[in-house]
Amino acid sequence: MAARDYIRERFFPHIWCQGCGHGIVLNSLLRAIEKLGLSKNEIVMASGIGCSSRISGYVDFHTLHTIHGRALAFATGVKMSRPELNLIVPMGDGDALAIGGNHFIHAARRNIDITAIIMNNRIYGMTGGQFSPLSGFGTIATTAPYTNIDHDFDIVDLSMASGASFVARTTTYHAQQMADIFRQAILHEGFSVVEVMSQCPTYFGRKNKLGGAVDMMEYFRDTTTPIGSKAKKKNPDLIERGIFIQEDRPEYCSEYDQFIERAMKGN
Ligand SMILES: Cc1ncc(C[n+]2csc(CCOP(=O)(O)OP(=O)(O)O)c2C)c(N)n1
Ligand code: SF4
């Protein structure tokens, strides 16, 4: 099947603003799935609420558009009952790490076989540009007109510390790398986190005078570098992108099956 065959055309036109990074994420995701040759019936996408979460409306898989911050809880339920299916959960930084932060930490800790995609545009896009936990100190948002005094944290560090067994970061500038990382994340058996630095030109870009979508993507090009590059040694402020960890560790559903088997035998 070609990438465009996975699209649910009746839901178009999409809601995203011109230049929003979320469409690039959708494109790279469909290219990864095309390469894997998965059928629509093998994929379940669960999402919460947000511009990023709207991706679930545009793909012709089994989809659940659920509650803000709770997509991973729904996905966990689906995966536990049908472990043979591929669960993909697209989230915004607010959905995944503000209201959904606790669900995120515990899904990672369990190492359940779900692919979590975090579209980090450092803002609540859908609700009008409020600051998120990823906005960062000194940025401007509609709810921080005199600059934000909250500090952000590193999604990759949080994911690794919480127990995710596949952790990666990429950007909307690096669409081909993104597709390749998505492919590997879906294949990986365990909790996979892919942070995608994505642009919201409408709120984060405009409020912080970062220019248009192209300027924001060029910023991702210029401020990131492959993991372990020479450039990083020279300039420690560069943000690394690539796959940080990819480890085989006991996966939650298969551990659960073994536990049930032991319980049935009474030992
Ligand atoms: C329980 C609940 N609280 C708040 C909201 C309002 N709300 C909807 S989306 C959203 C944040 C969206 O930001 P993010 O998840 O980062 O995604 P983006 O829109 O930036 O892609 C909020 C606060 C809601 N729908 N439900
Ligand atoms: S408000 Fe921002 S995140 Fe939402 S669609 Fe527009 S550009 Fe994208």
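Whatever order the structure lists them in is the order used to number ligands and atoms, beginning at 1. All values below come from the heavy atoms of this structure, side chains included, with hydrogens, waters and symmetry mates left out. Worth saying up front: this structure is predicted, and the values here are computed from it rather than measured.
Side-chain contact between N111 and Y252: absent, with no pair of heavy atoms (C-beta onward) separated by less than 4.5 Å.
Only one option out of T172, D215, N121 pairs with Q199 in a side-chain hydrogen bond (donor to acceptor under 3.5 Å, both in side chains); it is T172. With L29 as reference, M45 is the one residue of M178, M45, E34 to meet the side-chain contact (heavy atoms from CB on, under 4.5 Å) rule.
For H188, the side-chain contact (heavy atoms from CB on, under 4.5 Å) partners at least two apart in sequence or on another chain are S165, F166, S192, Q246.
Contact shell of ligand 2 (protein heavy atoms, cutoff 4.0 Å): W16, C17, C20, H22, C51, N121, G125, C200, P201, T202, Y203.
Within the hydrophobic cluster formed by Ile, Leu, Val, Met, Phe, Trp and Tyr side chains joined at under 4.5 Å, directly or through other members, M160 is accompanied by V156, V167, I227, F244, I245.
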Distances only, to 0.1 Å: what are the N or O pairs between ligand 1 and the protein that fall under 3.5 Å?
unit_1   : atom_1 : unit_2 : atom_2 : d
ligand 1 : 15 (O) : D95    : N      : 2.8
ligand 1 : 16 (O) : D93    : N      : 3.4
ligand 1 : 16 (O) : D93    : OD1    : 3.4
ligand 1 : 16 (O) : G94    : N      : 2.9
ligand 1 : 16 (O) : I123   : O      : 3.2
ligand 1 : 17 (O) : S52    : OG     : 3.3
ligand 1 : 19 (O) : C51    : N      : 2.8
ligand 1 : 19 (O) : G125   : N      : 3.4
ligand 1 : 19 (O) : M126   : N      : 3.0
ligand 1 : 20 (O) : N121   : OD1    : 3.4
ligand 1 : 20 (O) : N121   : ND2    : 3.1
ligand 1 : 20 (O) : I123   : O      : 3.0
ligand 1 : 20 (O) : G125   : N      : 2.9
ligand 1 : 21 (O) : H22    : NE2    : 2.9
ligand 1 : 21 (O) : S52    : N      : 3.0
ligand 1 : 21 (O) : S52    : OG     : 2.8

**Message:** Is there a side chain to side chain donor-acceptor pair (under 3.5 Å) between S132 and D93? Walk through the geometry before answering.
**Reply:** CA-CA 7 Å; S132 92; D93 45 301; 2.5 Å; yes
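Using a cutoff of 4.0 Å between basic side-chain nitrogens and carboxylate oxygens, D257 and R262 are not scored as salt-bridged. In summary, E251 and R249 do not engage in a salt bridge, as defined by a charged side-chain N under 4.0 Å from a carboxylate O. Ionic pairing of R110 and E255 is not present here: no N-O contact between side-chain nitrogen and carboxylate oxygen is shorter than 4.0 angstrom.
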